[in-house]
Amino acid sequence: MPEMKNCTCSCAKENDEQKYKKLAELMKQYKNSEGSLIQVLHIAQAIFGCLPLELQRYIAQGMGKPLSEVSGVVTFYSFFATRPRGKHVIRVCLGTACYVRGGKKIITRLEEILGVGVGETTKDGLFTFEVARCIGACGLAPVIMIDDMVYKQVKPEKLENILAQYN
Ligand code: FES
């Protein structure tokens with residue numbers, strides 16, 4: 001069992017051994033089903049908080065797949081994280097509609113407010129700041145998401161008030 005030091009756990013009472021046991025059982029069930037790697041990665045991220053390389057390696061072994069395939073999936077989809085995330089995840093849409101209607105200005109303002117760049121987590125662990133591709137609300141661009149909440153027609157000057165709701 002690889003040692004996991006980097007991720008925050010969604011279930012603090014469980015130790016690593018129990019988490020790996022749960023994941024191993026799950027992989028046994030999913031191993032032979034077509035297209036199940038993404039589901040296993042989702043569940044693994046929910047159990048461990050993120051998917052660092054040692055965990056990707058463990059999943060590759062358990063699923064009988066090359067590590068390159070597992071890592072390829074993890075890096076392709078923005079909802080998978082290889083490092084621990086903050087309590088809240090901010091995603092700024094940079095799809096075409098949001099980009100042309102001011103998505104870039106939102107990024108710049110968020111960098112100023114949070115003091116971190118895209119892909120980083122604030123020092124207090126409250127926010128992780130990411131960009132997303134189109135999230136399907138183009139008519140109301142520019143759009144950001146904080147956790148599951150979608151904010152539409154966001155103006156940079158409204159961002160501080162929006163963030164103040166989160167603690
Ligand atoms: S481009 Fe941002 S919601 Fe579609």
Side-chain angles (χ1 to χ4, degrees), residues 6-11 23 26-27 30 33-56 59-60 63 65-167:
N6 295 328
C7 287
T8 50
C9 176
S10 55
C11 177
L23 183 57
L26 189 94
M27 288 194 291
Y30 279 91
S33 0
E34 189 72 20
S36 56
L37 179 59
I38 290 187
Q39 277 167 290
V40 168
L41 288 169
H42 264 299
I43 299 168
Q45 183 161 283
I47 295 172
F48 289 90
C50 64
L51 301 166
L53 190 61
E54 66 266 26
L55 183 55
Q56 293 176 34
I59 292 169
M63 295 297 285
K65 297 198 180 286
L67 176 60
S68 56
E69 184 179 336
V70 174
S71 296
V73 173
V74 170
T75 47
F76 182 78
Y77 292 102
S78 59
F79 44 76
F80 291 131
T82 56
R83 287 186 291 176
R85 282 178 161 145
K87 188 174 173 193
H88 304 289
V89 179
I90 305 170
R91 293 191 183 89
V92 179
C93 180
L94 277 190
T96 309
C98 289
Y99 185 87
V100 299
R101 291 192 208 158
K104 206 81 184 46
K105 283 184 190 151
I106 290 176
I107 299 263
T108 305
R109 185 65 191 127
L110 278 174
E111 283 173 341
E112 286 166 7
I113 297 170
L114 299 172
V116 295
V118 172
E120 295 177 344
T121 299
T122 53
K123 279 200 187 106
D124 60 4
L126 190 57
F127 293 109
T128 293
F129 173 27
E130 299 179 345
V131 295
R133 300 179 190 97
C134 178
I135 56 175
C138 311
L140 294 162
V143 168
I144 70 168
M145 273 183 87
I146 302 182
D147 303 329
D148 294 329
M149 182 77 187
V150 179
Y151 294 89
K152 298 160 185 164
Q153 294 179 319
V154 176
K155 293 193 170 29
E157 56 271 23
K158 284 188 191 165
L159 286 166
E160 262 174 313
N161 283 346
I162 292 173
L163 296 188
Q165 299 168 51
Y166 293 84
N167 50 46

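Keep in mind that the numbers below use all heavy atoms, side chains included, and drop hydrogens, waters and symmetry copies. Sequence positions, counted from 1, serve as the residue numbers for this chain. Whatever order the structure lists them in is the order used to number ligands and atoms, beginning at 1.
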**Asked** OH of Tyr99: more than 12 outside heavy atoms within 6.0 angstrom?
**Response** no

**Prompt:** Is the number of heavy atoms from other residues, nucleotides or ligands under 6.0 Å of Asn167 CG greater than 12?
**Reply:** no

**Contact check: Cys138 to atom 4 (Fe) of ligand 1, N/O/S below 2.8 Å** = yes

Atoms of ligand 1 less than 4.0 Å from [X] heavy atoms?
X: Gly95; answer: 1 (S)
X: Ala97; answer: 1 (S)
X: Ala137; answer: 3 (S)
X: Gly136; answer: 3 (S)

**Asked** Is the closest basic N to carboxylate O distance between Glu157 and Arg109 below 4.0 Å?
**Response** no

**Message:** Angle at atom 2 (Fe) of ligand 1, SG of Cys98 to SG of Cys93, rounded to 10 degrees, please.
**Reply:** 100°

**Request:** Measure the shortest side-chain to side-chain distance between Arg91 and Ile135 over non-hydrogen atoms and say whether it is less than 4.5 angstrom.
**Result:** no

**Request:** Check whether NZ of the Lys or CZ of the Arg Arg85 lies under 6.0 Å from the centre of the six-membered ring of Phe79 and within 45 degrees of that ring's axis.
**Result:** no

